[in-house]
Number of protein chains: 2
Amino acid sequence: MTCQPEILSFNCPLPSEPTERIQLAHGSGGKQTEMLIRNVFFRYLKSEGLAQGNDAATLSPMPGAAKLILTTDAHAVSPIFYPGGDIGRLAVSGTVNDLLTAGATVNADYPLLITTGFILEEGLLIADLERVLASMRDCAREAGAKIVAGDTKVVEHGKGDSLFITTSGLGWRLPGPFAPDGARARPGDHILISGEIASHGMAVLCARNELGFSSQIRSDNAPLSEIVSALRSAAPGTHVLRDPTRGGLATTLNEIAIQSQVSIEIDETAIPLDPQAAVLCEMLGFDPLYVANEGKMVVVVPPEESPAALQAIRASRYGEKAVKIGEVLERQTAAVLLKTAYGTRRRLEPLSGEMLPRIC
Amino acid sequence: MTCQPEILSFNCPLPSEPTERIQLAHGSGGKQTEMLIRNVFFRYLKSEGLAQGNDAATLSPMPGAAKLILTTDAHAVSPIFYPGGDIGRLAVSGTVNDLLTAGATVNADYPLLITTGFILEEGLLIADLERVLASMRDCAREAGAKIVAGDTKVVEHGKGDSLFITTSGLGWRLPGPFAPDGARARPGDHILISGEIASHGMAVLCARNELGFSSQIRSDNAPLSEIVSALRSAAPGTHVLRDPTRGGLATTLNEIAIQSQVSIEIDETAIPLDPQAAVLCEMLGFDPLYVANEGKMVVVVPPEESPAALQAIRASRYGEKAVKIGEVLERQTAAVLLKTAYGTRRRLEPLSGEMLPRIC
């Protein structure tokens with residue numbers, strides 16, 4: 001039994017050009033994030049075994065047996081409470097969903113394991129901390145996860161922002177055909193989405209109270225254990241799972257296209273939009289394809305398993321509105337094409353620059 | 001094969017009384033930290049399986065086989081560069097040392113695995129980030145660790161403090177007698193320390209340039225893989241390993257006394273002090289027993305293995321000045337006694353309140 005990294009991951013945000021200082025756009029999840037990873041983080045850490053791609057690292061502690069899945073996420077959302085969630089629910093569900101994208105099993109024998117590091121700003125209301133902890137507890141229970149270790153530091157007032165939470169997750173992928181990976185999309189595969197997009201980013205934006213109006217919009221913030229467990233049974237041949245968080249659906253599809261070296265075409269009219277988010281995006285000029293989600297899964301599945309996959313997702317919590325939104329085309333340039341409502345096609349680029357900072 | 005938590009850990013800092021807001025003292029690592037953990041974190045997260053004690057959680061994924069060790073630490077040191085180290089070296093060596101305290105093996109087949117979450121403040125010099133990343137790379141190489149996953153978020157200028165790093169670590173404890181645990185100290189055991197104490201906290205304090213004078217003091221910031229590997233061979237019956245970081249040697253010994261329900265007596269004249277730190281502590285009125293270390297190990301070992309343990313540590317990097325500083329007494333009240341230079345005895349309490357904030 002050895003424990004050597006097999007597939008490694010690094011998802012983070014920084015500099016597109018040799019700019020001298022960190023900018024907010026380096027945290028957007030789009031092109032500048034990608035550049036910072038490549039130009040700065042990789043230069044130092046790649047030699048240690050860090051490679052890019054998936055949202056979780058997959059390791060083989062025992063040849064032929066279960067694979068170990070590791071992931072980490074830093075959370076710095078502002079405000080820390082918003083309709084539909086809070087930084088605690090975000091931290092736990094984000095880590096759970098990243099483990100799930102690598103095919104982690106979740107059941108009583110294999111709970112997902114979570115460690116959590118808190119950076120608290122002096123002056124934080126302890127009642128607020130308690131509300132966040134209760135939310136983490138509830139989300140972990142719902143997700144089939146256990147919080148097994150933690151650490152906290154306190155920084156002076158004005159040197160933080162209420163609280164930051166960094167969560168790491170550990171899961172197991174059991175031997176078998178169910179082994180989703182960002183590099184496994186194949187021509188002909190169907191692209192499914194588990195529900196309506198764009199609510200999380202818009203809900204956080206509204207919660208900032210800077211817009212001068214109120215909205216009923218709620219974040220989709222949720223752990224997707226039930227959807228992925230259902231998929232494991234119904235569509236074991238699933239090729240890719242990816243949660244379209246920072247950078248939105250368009251950026252996530254671009255990541256898959258690049259990792260798998262395929263083109264993807266999605267149908268604009270098929271993409272389910274949160275109705276409240278759609279109105280708000282239109283008013284403010286945001287493209288919902290680039291708005292963060294925190295409770296959605298993109299599923300790339302062979303066509304023969306697509307109907308069963310769709311049925312399984314729809315029968316699961318948070319998956320009722322799942323639909324097919326596109327297909328993987330023949331291999332060519334890695335690209336994402338949007339077939340518009342007018343029948344034209346345009347290329348969807350990954351997010352460039354900063355759209356909404358501090359949403360996850 | 002199942003994966004159920006066996007021993008779980010939570011080391012963090014928060015409120016001693018029902019104060020309403022987080023205070024700096026909640027981050028000191030002493031009594032107020034302990035109260036916050038008990039009164040706030042445990043109330044919400046204990047039901048999920050979180051229990052206190054060690055700096056790392058030990059899990060049994062495969063009955064009878066290697067145990068999985070998990071740990072996490074948030075790092076918010078100010079300034080981020082100081083003589084002898086920086087926040088990157090601190091983050092990697094701190095996580096490595098916590099894994100080692102649970103008996104993690106480190107070799108080519110079993111590298112320690114590290115995930116890392118960055119919270120970057122807008123405006124951070126990218127050159128500074130690069131210096132930190134290079135330091136993490138070098139420290140990981142030295143320690144036998146691999147950085148396998150990461151994430152980064154960017155916060156607005158004024159909402160952070162240059163950068164915060166949260167690292168999580170995963171290691172394996174192979175089957176065998178070497179199974180250090182904070183609860184295993186036994187009457188008659190010898191207490192060893194791997195070298196001179198008090199340099200880290202004092203080095204960080206000096207680096208703040210608020211004292212009006214300069215000092216040559218350097219932090220001991222180091223990964224202790226070599227010491228623990230040597231101990232595994234030379235003293236497999238080692239009962240406890242613990243790195244005396246936040247709260248210093250006095251607080252660490254109190255933690256061991258409470259976990260093992262024993263009294264500990266240490267000899268003031270035997271405790272090796274960093275000479276520069278000793279001078280500074282005397283000038284400023286600090287007690288070096290409460291000053292943080294970041295490259296020291298407290299070793300509790302049965303008397304028959306004590307000479308071999310001491311020899312092994314002294315032959316290892318960072319262990320040249322190891323000495324015996326005390327013994328575990330017969331079981332009675334869990335307490336730490338200091339035999340002073342004058343032959344009197346006084347009780348050493350854990351750190352109360354805040355001494356030096358933002359040192360780790």
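We name chains A, B, ... by the order of the sequence lines, and we start the count at 1 in each one.
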List the steps, then state whether side-chain contact (heavy atoms from CB on, under 4.5 Å) holds for A:Val40 with B:Ile126.
CA-CA 8 Å; A:Val40 177; B:Ile126 290 179; 3.9 Å; yes
A:Glu121 and B:Ile22: side-chain contact (heavy atoms from CB on, under 4.5 Å), yes or no, with the steps?
CA-CA 7 Å; A:Glu121 186 187 11; B:Ile22 293 295; over 6 Å; no
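Nearest heavy-atom pair, B:Asp151 versus A:Arg246, reported as atom, atom and distance to 0.1 Å: OD1-NH2, 3.2 Å. Closest non-hydrogen pair, B:Val148 versus A:Ala57, comes out as O-CB, 3.7 Å. Taking both residues in full, the closest heavy atoms of A:Asp73 and B:Lys153 are given as OD1-NZ, 4.1 Å, listed atom of the first, atom of the second, then distance. Minimum interatomic distance between A:Thr116 and B:Thr72 (heavy atoms only, all atoms of both residues): O-CG2, 3.5 Å. When every heavy atom of B:Val154 is checked against every heavy atom of A:Gln23, the shortest pair comes out as CG1-O, 3.6 Å.
Rounding to the nearest 0.5 Å gives a distance of 11.0 Å between CD1 of B:Ile114 and CG of A:Leu70. One distance of note links CG of A:Leu68 with CG of B:Leu113; it measures 7.5 Å at 0.5 Å rounding.
Looking only at side-chain heavy atoms (C-beta outward), B:Thr71 and A:Thr115 stay at 4.5 Å or farther from each other. No side-chain heavy atom of B:Phe164 sits under 4.5 Å from any side-chain heavy atom of A:Thr166. Side chains of A:Ile119 and B:His75 form no contact here, defined as non-hydrogen atoms less than 4.5 Å apart. Under the 4.5 Å side-chain criterion, counting only non-hydrogen atoms from C-beta, A:Leu170 is in contact with B:Leu170. Put simply, the side chain of B:Met136 does not reach to within 4.5 Å of the side chain of A:Tyr44, judged on heavy atoms.
Remark: A:Asp128 does not engage B:Arg21 in a salt bridge, criterion side-chain N to carboxylate O under 4.0 Å.
Using cut-offs of 30° and 60° on the angle between ring planes, the pair A:Phe118 and B:Phe41 is perpendicular.
Most heavy-atom pairs under 4.5 Å with chain A: of the set B:His157, B:Lys159, B:Glu122, this distinction falls to B:Lys159. In terms of heavy-atom pairs under 4.5 Å with chain B, the best-connected choice from A:Ala134, A:Ala127, A:Ala76 is A:Ala134. With chain A as the partner, the residue from B:Ser168, B:Gly158, B:Gly160, B:Cys360 showing the most heavy-atom pairs under 4.5 Å is B:Gly160. When each of A:Gly123, A:Ser162, A:Gly117 is scored by its heavy-atom pairs under 4.5 Å with chain B, the top score falls to A:Gly123.
Scanning for side chain to side chain donor-acceptor pair (under 3.5 Å) contacts around B:Ser135 gives B:Asp86, with sequence neighbours left out.
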